[in-house]
Amino acid sequence: MRQNTFLRLLSGAAMLVLASVTGGQQVFAEEKAPVEDAKPFDIRSVNTFAGAFLAARTADVDRDYATATELYRTALQFEPNNNDVKQRLMITLLMSGQFDQGVKIAEELKSDPAVERITTVVRAIEAIRKREYRNAQKLLNYQGPNDLDRLMSNLLSAWAKFGQGRPKEALAQIKGLEGPEWFRVFKNYHAGALALAAGDKATARARLNDAILDREGGSAAPDTFMRAVEALARFEAREGNKQKALDTIAVGENLVNNYTPLEALRKSIEEGKPQEQQVRTAVQGAAAVLFSIGGALNREGAEDIVSLYLQTARRLDPESPDILVMLGGIAENLKKPEEAIALYKSVPEDSPMRRLSELQLGLSLASIGKVDEAKRHLKALIDVDPKNIRNYLAYGSVLSDAKAYKEMGELYDRAVEAIGPVPKRSDWTVFFQRGIAYERQKIWEKAEPNFLKALELNPDQPQVLNYLGYSWVDMNIKLEEGLDMIRKAVELKPDDGYIVDSLGWAYFRMGRFDEAVAELERAAELMAGDATINDHLGDAYWRVGRKLEAVFQWNQALELKPEEAEIPKIKAKIENGLPPLKERVPAAADAKETLPKKNGPEVATPGKKS
């Protein structure tokens, strides 16, 4: 059996896996057609090894780890010594939070060279959890060539030494760790956190300052960078250096605008509340190592890898707010909103991360159809903290999805009042969304100034350029200026199929059909499987005389399940084609009645990932 991505995790190939998770292991990214009227699968009906194993693999691919675990166990009843199945069972147990059982299998497989590194790390982490630090240190004696393994093993080993009461040796080990430049932010943060836990204030201040001044490292590992900012700010606040604490938070805010946990920490420090460090013990330090690496790897396509790091970190520090929030975000990405909701609800109420978890909780409620509950939840957040702009953006995204544009406009009116007379660059999103709310209500005299204000704050924002430019072209005003805006948006985001579609559709509306075909063909390549783009391409083909291809594209659009209102229009075009144009001129008022109209440019929903 081909070794799975997970089995290479923590074993010298995690960085390579990050690039190949959708290549070498394509089965995990595979989209499967829904089965109509599928009956619930009965595990008790499986009575062969092959049946159990294949069903387990299917559940594994679907990330249904609870079912996969039971099926792998069933497969082992037929072949108790099958190590390949044991390997997969170990991983699904870890991924589903059944760490005790996973550790037992790691002990059974500790002599299997195929999974030696992962079983060693799992056993070492369990030893740290049990405060068996000497045993953990022996297991973590990694001498291999892989940089990521070396970083992780040395940092975990340093925390194990700290757990034995040897902080100076632990700090010396971190200081002596050699490696590539990207090691630096991890070394500085963990040396600073360890020094803080040991009471070495001078070393802690120096190393944490080094961490937060490392802009390159902060961009590569923002979660570790933010932990360093928070640790140093809390330390300075406890030392009575309130202004230094607030200056430290400002450094973090320069890297990430409107980061809710930092805003909450700032308020807490300003109010003089006592500050407690997140990492105070060797066990929490080891959890921080796993969180640091998982956070650095966290991006689309790497959810499985990151989840394994974070589930392992959670084993050590089950109430860590940032671990819980990041796991919640991954559950959202994997379309598991109920799991995300449970994780967000488990974030401690006194944590600065609680605000962020509350925002994401509201969005997750909306995603499972509990829109009224989501609205009440998010409105309550605004009432409690009316200056927090992220609250408005989250609530606004729910209203936008519900097409409640009047309510959405009123909400963003409140948000603009909360911003005050001098908006920041980061506030462009509020004006953009207010513009959309008014545009969808067909109140252009209120929409246009908001789009222009958004561009004033952020002149190179491709979504705003696309939306405003297309709107002008569609209304047959400021045609060249609008077209230039859309072209600029395409230059800024050349791989965004929706923006390229807008350019093609603008050409179509202006009667420039050959140019429309070229752009819409490119949009269809970038966004294969989008009903609207296929529909537009069909229209453009028809206008240049490629009528068979036009009908093919319209049929494709129907198969891709367009919006209900578009279905009869597409069917009519398949039956009759497009009506002849009286004149080949830019979209004039009378032409708008015969030419199909795009329902506004496609835009990403802001606030969905806060």
Side-chain angles (χ1 to χ4, degrees), residues 63-66 95-97 99 222-223 226-227 230 256 258-265 267-268 278 284 287-288 290-291 294-295 297-300 302-304 306-385 388-402 605-610:
R63 299 183 175 95
D64 181 358
Y65 299 119
M95 293 295 289
S96 59
F99 210 89
D223 297 287
M226 284 301 175
R227 274 206 171 193
E230 292 171 8
V256 181
N258 296 326
Y259 183 58
T260 300
L262 278 189
E263 293 170 358
L265 181 59
K267 183 178 180 182
S268 173
Q278 186 169 358
Q284 291 171 328
L290 298 166
F291 172 80
L297 296 175
N298 189 22
R299 62 203 72 182
E300 187 176 355
E303 291 91 352
D304 298 320
V306 177
S307 291
L308 186 52
Y309 275 112
L310 296 180
Q311 289 287 8
T312 308
R314 189 183 180 192
R315 169 70 167 181
L316 297 173
D317 194 359
E319 293 189 353
S320 170
D322 39 11
I323 292 173
L324 294 169
V325 168
M326 193 178 291
L327 279 170
I330 291 171
E332 281 190 71
N333 291 342
L334 297 179
K335 311 300 182 189
K336 296 182 175 182
E338 290 88 355
E339 183 179 324
I341 288 169
L343 286 160
Y344 293 139
K345 285 183 176 179
S346 63
V347 173
E349 291 189 12
D350 60 350
S351 166
M353 298 293 287
R354 180 71 181 195
R355 289 188 184 182
L356 184 56
S357 72
E358 292 283 9
L359 280 178
Q360 296 302 137
L361 172 59
L363 293 168
S364 295
L365 287 169
S367 73
I368 59 173
K370 296 183 177 181
V371 177
D372 289 339
E373 185 178 348
K375 289 168 70 174
R376 287 194 299 271
H377 179 85
L378 293 169
K379 185 178 183 300
L381 294 182
I382 293 173
D383 292 340
V384 169
D385 189 5
N388 190 322
I389 300 305
R390 286 204 172 198
N391 293 340
Y392 295 96
L393 292 171
Y395 191 11
S397 73
V398 173
L399 296 175
S400 178
D401 288 343
T605 301
K608 196 63 182 175
K609 288 291 164 208
S610 299

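The chain is numbered in sequence order, starting from 1. All figures in this text were calculated on a predicted structure; none of them were measured in a lab.
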* Test log, rule side-chain contact (heavy atoms from CB on, under 4.5 Å), inputs R63 and K336 -> CA-CA 10 Å; R63 299 183 175 95; K336 296 182 175 182; 3.5 Å; yes

* To do: Could you please spell out the steps behind the side-chain contact (heavy atoms from CB on, under 4.5 Å) verdict for E300 and N333?
  => CA-CA 8 Å; E300 187 176 355; N333 291 342; over 6 Å; no

* To do: In sequence, state the C-alpha distance, the side-chain angles, and the governing distance for D372 and R376, and then conclude on salt bridge (charged side-chain N to carboxylate O under 4.0 Å, His left out).
  => CA-CA 6 Å; D372 289 339; R376 287 194 299 271; 5.3 Å; no

* For M226 and L262, run side-chain contact (heavy atoms from CB on, under 4.5 Å): C-alpha distance rounded to whole Å, both residues' side-chain angles, the deciding distance at 0.1 Å, then the answer. => CA-CA 8 Å; M226 284 301 175; L262 278 189; 3.7 Å; yes

* To do: Could you walk me through whether Y344 and E332 pass side chain to side chain donor-acceptor pair (under 3.5 Å), step by step?
  => CA-CA 11 Å; Y344 293 139; E332 281 190 71; 2.4 Å; yes

* For V398 and V371, run side-chain contact (heavy atoms from CB on, under 4.5 Å): C-alpha distance rounded to whole Å, both residues' side-chain angles, the deciding distance at 0.1 Å, then the answer. => CA-CA 7 Å; V398 173; V371 177; 4.1 Å; yes

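For L363 against A394, the heavy-atom pair with the smallest separation is CD2-O, 3.6 Å. Counting all heavy atoms, side chain and backbone alike, L365 lies closest to A374 at CB-CB, 3.9 Å. Closest heavy-atom contact between M95 and D304: CE-O, 3.7 Å. Pairing each heavy atom of S367 with each of P337, the nearest pair is OG-CB, 3.5 Å.
Sorted by first and then second residue, the pairs that involve residues 352-371 and meet salt bridge (charged side-chain N to carboxylate O under 4.0 Å, His left out), not counting sequence neighbours, are R354-E358, R355-D385. Applying the salt bridge (charged side-chain N to carboxylate O under 4.0 Å, His left out) test to residues at least two apart or on different chains, none of the pairs has a partner in residues 341-351.
Looking at S364, its side chain does come within 3.5 Å of a backbone N or O of Q360 through a donor-acceptor pair. Of the possible donor and acceptor atoms, none in the side chain of S400 sits under 3.5 Å from a partner among the backbone N and O of G396.
In this structure, the separation between CG on N391 and NE2 on H377 is 9.0 Å, given to the nearest 0.5 Å. To the nearest 0.5 Å, the span separating OG on S397 from CG on L359 amounts to 9.5 Å. Atom CZ of R314 is separated from atom CG of L290 by 14.5 Å, given to the nearest 0.5 angstrom. The distance from the CG atom of N298 to the CG atom of D223 is 7.0 Å, given to the nearest 0.5 Å.
Residues L381 and N388 have side chains not in contact (no heavy-atom distance under 4.5 Å, counting atoms from C-beta outward). Contact of the P321 side chain with the P348 side chain is registered, since non-hydrogen atoms from C-beta on lie closer than 4.5 Å. With a 4.5 Å cut-off on side-chain heavy atoms, L356 and R390 count as touching. For the pair V306 and L327, the minimum side-chain heavy-atom distance is 4.5 Å or more. For the pair L343/E338, no side-chain contact is recorded, criterion being any heavy-atom separation below 4.5 Å from C-beta on. The shortest distance between side-chain heavy atoms of M326 and F291 falls below 4.5 Å.
Using modelled atom types, one finds no donor on one side chain facing an acceptor on the other under 3.5 Å when comparing Y65 with Q311.
Checked against side chain to side chain contact (heavy atoms under 4.5 Å, CB included), S320 has the following partners two or more places apart in sequence or in another chain: R227, Q278, D317, D322, I323.
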